[in-house]
Amino acid sequence: MQKNEIYEAQITGMTTEGAGVCRIDGMAVFVPMTAVGDCLRVRIVKVLKSYAFGIVEELLHPSQERVEPDCPVFRQCGGCVFRHVTYEAELQYKEQFVRDAFARIGGLDPEFEPILGDESRCGYRNKAQYPVAEQDGHLVCGFYAKHSHRIIPCTHCKLQPDRFGELLEFLLPVLERCGVTAYDEQKHAGELRHIYIRQGYHSGEMLLCLVVRRSVKKKVAAALGEICSAFPEVVSISESVNPDRTNVILGKQLSVLWGTETIRDTMCGNAVSLSPHSFYQVNTPQAERLYGIGTAYADLHGAETLLDLYCGAGTIGLSMASRIGKLIGVEVIPQAVENARRNAAEAGIRNAEFRCGDAGMIAAQLAEEGIRPDVVILDPPRKGCDKAAIDAVVSMAPSRIVMISCNPATAARDARAFSGYGYTPERVRAVDLFPGTAHVECVVLMSRKK
Ligand code: SAH
C-alpha cells in the first residue's frame, strides 16, 4: 500500500478516537469523519507497518447513520468527532468502546447496562477557554484546528451555551476599543491569550477570566461596568497573567477586576463555589446522573465509612455524605482539597474529612490506622489507578468498590487487577458526558467475593 493510492472500501468499525475503520488488503485503515456502513473511495495519506490512515476521496453510499453536520466548522475544528452521525449511532459506538475494553483489555465479562446518553447534546458545557488571535486587524477567538495551533474563529460552538457566544461577540469589540492586543504565540508578543468563561448550570452565575501575557487591568478598567450591565449574570471578572511560553492556559496569579473571585453553583444539591482554577465536571446535569449511578452501585444504608480516592473538590463523596456515617476524601492537589473542605463546610456536611496526598500512599496510611471503609469510590485520572492504590484498597477489604473512569482502557485494566484480588466486576454502565466528542465515562461496580 502506498500514499495517494485510492481504494474502494466499507467502514466496519470505529476507533476510540472516533475514526472509522476499514480493511484494505489485510491492513486496518483509519478514516476520520466517516460512519459505520459508509461505502467510499479512500485516499491513503500515511502508511505504517500494520495500519494506515486515509481520507474520504468520494462517498459512494453513505451509511444510514449519517446526518448533515450542524456546525459550520466541524471539518476544521479539532473539538468534535461526531457531528455527522445520529446521536443513537454515537451512543452505540461509545458503548462498544467500553464493552471492547472490558473484553479485550480486561478479559472480563461483566453485565453491561445500556449507555446513558445526554439527550440535550448541545450547549452542555459549563466552561470554555477560547484561544485569541488577530486576524485581518481584528481580535478573533475560537478553537484550534486539529493537531495545530491555528485558530478557527468560532464564537458559537455547539457544545457551549448560546450565552457564551453572545458574551464573546459583545466582548471582542469592547476589548478592541480598549486597545487590548492579541497574543502572538510565535513571537511571544501581545496580550490576550485566552478568554475563559465558566457558568454555574443551576445558578446561572458566570465568571469571565482574561488570560493575558501581561496585565491589561488599566486598559479594560473603564469597560468592566459596560460588560456587567449587558450581562448581569457575570458576577466575576478576573485576569490571569501568564507570561510564559507554554501550552498551560492559566497563569499562577489571579486578580479580580470586578465582583467576586468565585461563582456559586450546586452539584447534586450541595452548594459549591468555583474559581477559574477549580476542577469541575464540565457537564453538570450529566455528572449528577453519573454520580447518581455511582451512588446506586455503592448501595449505602446510612452507617458506612466511604473512602473517595482521587476526590478532586470532593463532589462525588459529598453527594453521598447524607447516606453514610463517615466520608474520607483523598486528593493530591492542595487547592482541590481546600475546595473540597470549603464545599463540605458550605453544604453543612460535618461527617467528611479530606486528606491531601498520593492516593496509594494515603490509602496505605489509612489502612495502617486501622480504617476499614465499607465502600471505596475511585475516580482516577486518565492514566488509571497506581498499583500502590489498588493494593492499599484491597488491603482494607471493602465490600464494594465503585470505579468511575473517563478512560475505558485503564478502567478495564484496573478492573482486571481488582478481579485478581477477588473483586469481580459485576456491573458496568457507560455514561456520555461529552456528546460530539469521542470521550466516554463508565461506572464499574466490583464486589468482594463472599
Ligand atoms: N472525583 C473528582 C475528580 C476526578 S479527576 C470529581 O469528579 O470531581 C481525578 C482527580 O485525581 C484529580 O482531581 C487529580 O488531581 C487527582 N489525582 C491525580 N493523581 C492522583 C494521585 N496520585 N493521588 C491522588 N489524587 C490524584
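- Of the possible polar contacts, none joining the Glu261 side chain to the Val256 backbone as a donor-acceptor pair under 3.5 Å is found.
- Once rounded to the nearest 0.5 Å, the distance linking CZ of Phe434 with CG of Asn283 reads 7.5 Å.
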Verify side chain to side chain contact (heavy atoms under 4.5 Å, CB included) between His439 and Leu433, making sure each step is shown before the conclusion.
-> CA-CA 8 Å; His439 296 286; Leu433 263 70; over 6 Å; no
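- Tyr297 contributes no side-chain N or O that, together with a main-chain N or O of Val443, makes up a donor-acceptor pair within less than 3.5 Å.
- Between Ile152 and Tyr144, the shortest heavy-atom distance links the atoms CG1-C, 4.5 Å.
- Between the Gln286 side chain and the Gly117 main chain, a donor and an acceptor come within less than 3.5 Å of each other.
- Between Phe102 and Phe112, the angle of the ring planes goes over 60°, which puts this pair in the perpendicular group of the 30/60° scheme.
- At most 12 heavy atoms of other shown residues, nucleotides or ligands fall within 6.0 angstrom of atom CG in Asp109.
- Across all non-hydrogen atoms, the minimal contact from Gln199 to Pro161 is OE1-CG, 4.1 Å.
- Looking at heavy atoms from C-beta onward, His61 lies out of side-chain contact with Gln10 at the 4.5 angstrom threshold.
- With rounding to the nearest 0.5 Å, the separation of NZ in Lys127 from CG in Leu207 is 10.0 Å.
- Glu288 and Tyr201 share no side-chain donor-acceptor pair at under 3.5 Å.
- Within the model, atoms CG of Leu172 and OG1 of Thr155 stand 7.5 Å from one another, a figure rounded to the nearest 0.5 Å.
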Check the pair Val431, Arg289 against side chain to side chain contact (heavy atoms under 4.5 Å, CB included), reporting the backbone distance first and the verdict last.
-> CA-CA 9 Å; Val431 182; Arg289 291 181 202 113; 5.6 Å; no
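- Counted by atom type alone, His149 and Glu185 present one or more donor-acceptor pairs between their side chains at under 3.5 Å.
- Proximity of a side-chain donor or acceptor of Asn126 to a complementary backbone N or O of Val282 within less than 3.5 Å is detected.
- Side-chain N/O atoms of Asn407 and Ser405 include no donor and acceptor closer than 3.5 Å.
- No side-chain heavy atom of Leu274 sits less than 4.5 Å from a side-chain heavy atom of Met267.
- Using modelled atom types, no side-chain atom of Glu233 and backbone atom of Arg163 make a donor-acceptor pair closer than 3.5 Å.
- Crowding of Arg416 atom CZ: a count of heavy atoms from other residues, nucleotides or ligands under 6.0 Å not exceeding 12.
- Glu65 places no side-chain N or O within 3.5 Å of a backbone atom of Val85 that could act as its donor or acceptor partner.
- Atoms CG and CG, from Leu171 and Leu208 in turn, are 5.5 Å apart once rounded to the nearest 0.5 Å.
- Classification of Arg264 and Glu346 as a salt-bridged pair fails, no side-chain N sitting under 4.0 Å from a carboxylate O.
- Dense packing is recorded around CD of Gln135, with more than 12 heavy atoms of other residues, nucleotides or ligands lying under 6.0 Å away.
- With contacts defined as side-chain heavy-atom distances shorter than 4.5 Å, the pair Gln335/Phe279 does not qualify.
- Taking 4.5 Å as the limit, every side-chain heavy atom of Val444 sits out of range of all side-chain heavy atoms of Asp414.
- At a cut-off of 3.5 Å, with distance as the only test, no side-chain donor of Asp118 or Tyr87 sits close to an acceptor on the other residue.
- Scanning both residues, Cys385 and Tyr310, for their nearest heavy atoms gives CA-OH, 3.5 Å.
- Here Thr34 contributes atom OG1 and His84 contributes atom NE2; the two are 5.5 Å apart, rounded to the nearest 0.5 Å.
- When side chains are defined from C-beta on, Met396 counts as touching Arg372, because their heavy atoms get closer than 4.5 Å.
- No donor-acceptor pair under 3.5 Å is formed between the side chain of Ser278 and the backbone N or O of Tyr280.
- Nearest heavy-atom pair across Cys268 and Tyr291 is SG-CD1, 4.0 Å.
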Apply salt bridge (charged side-chain N to carboxylate O under 4.0 Å, His left out) to the pair Arg323 and Glu304, showing each step before the final yes or no.
-> CA-CA 8 Å; Arg323 301 161 184 256; Glu304 289 90 349; over 6 Å; no
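- Asp38 is listed as a side-chain neighbour of Arg66, based on a closest heavy-atom distance under 4.5 Å.
- In terms of modelled atom types and a separation under 3.5 Å, the side chain of Asn270 and the main chain of Thr315 share no donor-acceptor contact.
- Between Glu338 and Arg342, none of the side-chain N atoms (NZ, or NE/NH1/NH2) sits under 4.0 Å from a carboxylate O, so this pair counts as no salt bridge.
- Phe354 does not carry Arg341 over the face of its six-membered ring by the limits of under 6.0 Å from the centre and within 45° of the normal.
- Put simply, the side chain of Ser240 gets close to the backbone of Gly251: a donor and an acceptor are under 3.5 Å apart.
- Within the 4.5 Å cutoff, the side chain of Met446 has no heavy atoms near those of the Ser419 side chain.
- Between Gly18 and Ala438 the shortest heavy-atom distance is N-CB, 4.1 Å.
- Other residues, nucleotides and ligands contribute over 12 non-hydrogen atoms within 6.0 Å of the NZ atom of Lys146.
- One N or O on the side chain of Arg400 and one on the backbone of Ala298 form a donor-acceptor pair closer than 3.5 Å.
- Side-chain contact between Ile377 and Met320 is present, with heavy atoms from C-beta onward closer than 4.5 Å.
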Hey, mind stepping through Tyr183 and His194 against side chain to side chain contact (heavy atoms under 4.5 Å, CB included) and telling me if it holds?
-> CA-CA 9 Å; Tyr183 175 62; His194 279 84; over 6 Å; no
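- Rounded to the nearest 0.5 Å, atoms OG (Ser63) and CD1 (Ile11) are 9.5 Å apart.
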Evaluate side chain to side chain contact (heavy atoms under 4.5 Å, CB included) for Met206 paired with Ile197, printing each intermediate quantity in order.
-> CA-CA 7 Å; Met206 262 172 142; Ile197 304 173; 3.9 Å; yes
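- In plain terms, the two heavy atoms of Val31 and Val42 that are nearest each other are CG2-CG1, 4.0 Å.
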